[in-house]
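Every number for a ligand or one of its atoms is a count from 1 in the order of the listing. Because the structure is predicted, anything quoted here is derived from the model rather than measured.
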Amino acid sequence: MSRAEEFHPAWLPPEAFGPVGARRTLVLGDGPLAGTVREEVARAEDRYGGGASGPPYDLVLAVAGSGPLPDTAEAVVAECGPIGAEGFVAGRRDGVTVVLADDPAGLLYGFFHVVRLGERAFTGAFGPQAHRPAARLRVLDHWDNVDVHPVMGQVERGYAGGSIFWRDGAARGDLARVRAYGRLLAACGVNAITVNNVNVHATEARLPTERLDDVAAIAAALRPYGVRVHLAVAFSAPVDPGGLPTADPLDNDVRAWWAGVTAQVYAAIPDFGGYLVKADSEGQPGPFTYGRGHADGANMLAAALEPHGGVVRWRAFVYDHRQDWRDRSTDRARAAYDHFVPLDGRFSRNVILQVKHGPIDFQPREPVSPLFAAMPETRLALELQVTQEYTGQQRHVCHLAPMWSEVLRFEPEGPGGPDVATLVTGDPASSGESGGLAGVSNVGDDHYWTGHPLAQANLYAFGRLAWTPRTDSAAILDEWIGLTFAASRDLAALRRELHAIMDGSWRTYERYTSPLGVGFMVRPGDHYGPDVDGYEYTPWGTYHHADRDGVGVDRTRATGTGFTGQYPRPWSEVYESLERCPDELLLFFHHVPYGHVLRDGTTVIQHIYDTHFAGVEEVVAARSRWEGLAGAVDPDLHARVSTLFDEQLRCAREWRDQINTYFYRKSGVPDAHGRRIH
Ligand code: BDP
């Protein structure tokens with residue numbers, strides 16, 4: 001077995017077409033991406049037959065202008081105008097399926113579209129229909145360290161084994177695996193990755209200078225799949241490793257240093273994507289050291305990248321992690337807005353401000369960040385956490401697409417205004433001007449790529465939502481199931497069961513963990529499992545403020561931190577008002593007595609008990625459904641998920657017992673249904 005085959009192929013079988021595939025295929029186009037399509041077609045033909053040369057073709061995949069289309073194919077797409085970067089037109093008539101793209105990347109995405117359609121691509125007639133990615137930048141950020149970090153290990157917040165790029169301070173050199181990864185990414189529409197952690201340590205700070213060959217090798221392996229490489233860079237790099245006395249962004253030597261380093265990066269990797277920066281946050285260096293601001297810092301790097309067409313993604317995740325829990329003015333939720341909104345309009349055009357979906361930190365439930373309504377002159381990207389740091393660490397089933405869909409469909413400027421999807425992708429006419437979607441990767445060197453085999457669906461959904469942000473999340477899951485378990489004997493039954501297990505799994509997770517949007521309550525450090533007061537008296541700014549009378553953080557203008565005022569109307573009023581605030585965010589915005597009555601008539605304390613009992617029961621039910629699938633999926637995969645379900649159930653019970661006991665002891669209010677609480 002070659003090394004490339006040591007891992008599970010995930011949602012794409014090695015031979016992309018099934019036995020229903022085309023018999024005679026014509027591929028027209030030049031360059032490495034068209035080459036990839038040719039290879040895919042050849043592999044499928046070897047396995048399933050077909051491959052006869054010459055017309056009449058039943059599948060034509062063509063880059064416009066790369067050669068004359070057969071008449072039958074021409075007729076299918078005759079009326080189609082320009083398609084645009086990475087897009088394609090797909091249609092079928094008179095027994096010919098045609099994909100036409102303006103560029104080779106579009107050809108590749110069109111090919112994978114045909115794969116997704118499966119049998120439907122070769123039956124009846126459809127289209128022609130144009131498909132274009134909503135977001136130009138669809139990037140996964142790997143929080144991978146080159147050196148093993150003493151606390152965070154090889155992959156920070158990684159739950160799927162080691163890095164697929166780095167091992168123990170060196171490049172792994174396993175480019176077969178990197179290529180296989182590129183193929184999976186292209187098949188779900190991702191077009192960029194960052195190969196190192198946003199927390200840039202000493203070794204990683206040397207990637208753009210001393211270790212460029214390693215990065216170039218990764219870039220070369222990914223290039224045939226249309227995936228560009230980005231680097232997370234240390235703001236202090238001009239000092240170390242650069243050797244300059246300062247990293248002041250307005251210093252000419254510093255600017256020249258970055259310009260020189262960036263030119264070298266592009267000499268080695270001509271299609272390099274750009275830099276990702278976490279500055280002045282959680283101990284990372286940044287422009288504040290030199291009395292400069294975020295716009296100075298970001299624009300300096302933007303100037304170095306601009307001649308080469310690169311972008312700098314500057315993260316808005318900036319806050320004081322040494323704040324005082326008694327001081328109401330230091331609400332962590334306020335920080336990104338307070339730092340960045342005054343800078344709107346001051347960033348260069350190739351700066352993207354990358355904003356976490358919520359104002360705090362990837363909790364299972366947060367309001368959408370107020371930045372999305374507040375920076376019209378800035379290119380914003382939405383940052384999602386595909387790695388399940390706060391959502392079960394790939395030991396729990398927690399399908400995140402429904403949460404992401406809610407975020408993407410939220411209308412930050414009020415009902416009827418543009419949704420987050422529009423704000424981060426731009427309208428089609430100005431495509432390329434917005435920031436796009438970024439996800440923190442959940443991939444490692446695990447056999448199943450993502451530790452929990454069902455967590456692959458999160459990776460797949462990220463890519464698909466970045467391409468078409470308003471697709472129904474259940475439909476995306478359906479696609480993933482169909483592709484991943486294509487060989488199943490009873491796919492319809494499997495589909496039904498997997499939907500039952502996964503569709504509602506995020507809400508199940510929410511039920512047995514921290515209640516009503518209050519967040520955290522996780523074990524400090526590793527963030528797995530419950531520790532209700534773990535962060536309560538620390539400086540990290542993540543509190544629940546529970547006492548004997550009530551719980552929740554008062555973020556109102558009237559009596560609290562004033563965070564609600566960062567939203568425009570009507571959201572500022574909705575969140576400010578105890579009556580109008582959505583229940584699921586109640587404790588994020590308000591401190592309420594335990595007897596506060598929710599919309600469904602239950603009190604907060606009873607809601608806490610009820611949801612925690614229910615959440616565990618839902619895990620029991622999901623686990624037994626999974627047990628019923630023994631024999632329906634690969635035995636090893638079944639065993640892996642079964643073991644993980646045991647852990648999920650243990651952990652869910654631990655959450656239930658600790659949360660319920662904690663609030664019972666604080667409040668003294670017994671469970672209305674007389675269930676046992678310790
Ligand atoms: C937090 C993680 C931390 C990351 C940080 C970030 O706990 O490891 O460094 O986010 O996004 O969620 O930079």
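Tyr512 and Glu618 share no donor-acceptor pair across their side chains, judged by distance under 3.5 Å alone. In the model, Asp361 has a side-chain atom that pairs as donor or acceptor with a side-chain atom of Tyr390 under 3.5 Å. Remark: the Thr422 side chain and the Asp419 side chain contain an N/O donor-acceptor pair separated by less than 3.5 Å.
Note: no N/O pair closer than 3.5 Å links Glu383 and ligand 1 by distance alone. For a threshold of 3.5 Å applied to N or O pairs, the pair formed by Trp143 and ligand 1 contains no separation below that value. Residue-to-ligand polar distances place Lys356 within reach of ligand 1: an N/O pair is separated by less than 3.5 Å.
Of the protein's non-hydrogen atoms, the one nearest atom 4 (C) of ligand 1 is Glu156 OE2, 3.5 Å. In terms of protein heavy-atom proximity, atom 7 (O) of ligand 1 is closest to Glu389 OE2, 2.5 Å. Summary of contacts: the protein heavy atom closest to atom 13 (O) of ligand 1 is Lys278 NZ, 2.6 Å.
The Asp361 neighbourhood of ligand 1 comprises atoms 1 (C), 10 (O), 12 (O), with distances under 4.0 Å to a heavy atom of that residue. Close contacts of ligand 1 with Phe317, meaning ligand atoms under 4.0 Å from a residue heavy atom, involve 5 (C), 6 (C), 10 (O), 11 (O), 13 (O). Close contacts between ligand 1 and Tyr390 involve ligand atoms 7 (O), 12 (O) [criterion: under 4.0 Å to a heavy atom]. Proximity to Arg157 (heavy-atom distance under 4.0 Å) selects the following atoms of ligand 1: 2 (C), 3 (C), 7 (O), 8 (O). Close approach of ligand 1 to His527 (heavy-atom distance below 4.0 Å) involves ligand atoms 7 (O).
Taking a cutoff of 4.0 Å between a charged side-chain nitrogen and a carboxylate oxygen, Asp526 and Arg523 qualify as a salt bridge. Ion pairing of Asp296 with Arg346 is present here, as a side-chain N (NZ or NE/NH1/NH2) and a carboxylate O approach within less than 4.0 Å.
For Val440, no heavy-atom contact with ligand 1 is shorter than 4.0 Å.
Residue contact check for ligand 1: Arg315 places a non-hydrogen atom closer than 4.0 Å to it.
For the salt bridge (Lys or Arg N to Asp or Glu O under 4.0 Å) with Arg172, the lone residue among Asp144, Asp445, Asp214 that qualifies is Asp445. Under the ring pair (Phe, Tyr, Trp, His ring centres under 6.0 Å) rule, His544 has a single partner from Tyr537, Phe520, Tyr662, which is Tyr662.
Taking the six-membered ring wherever Trp is involved, the centroid distance between the rings of Tyr535 and Tyr543 does not fall below 6.0 Å. Two rings, from Phe288 and Tyr290, have their centers 6.0 Å or more apart.
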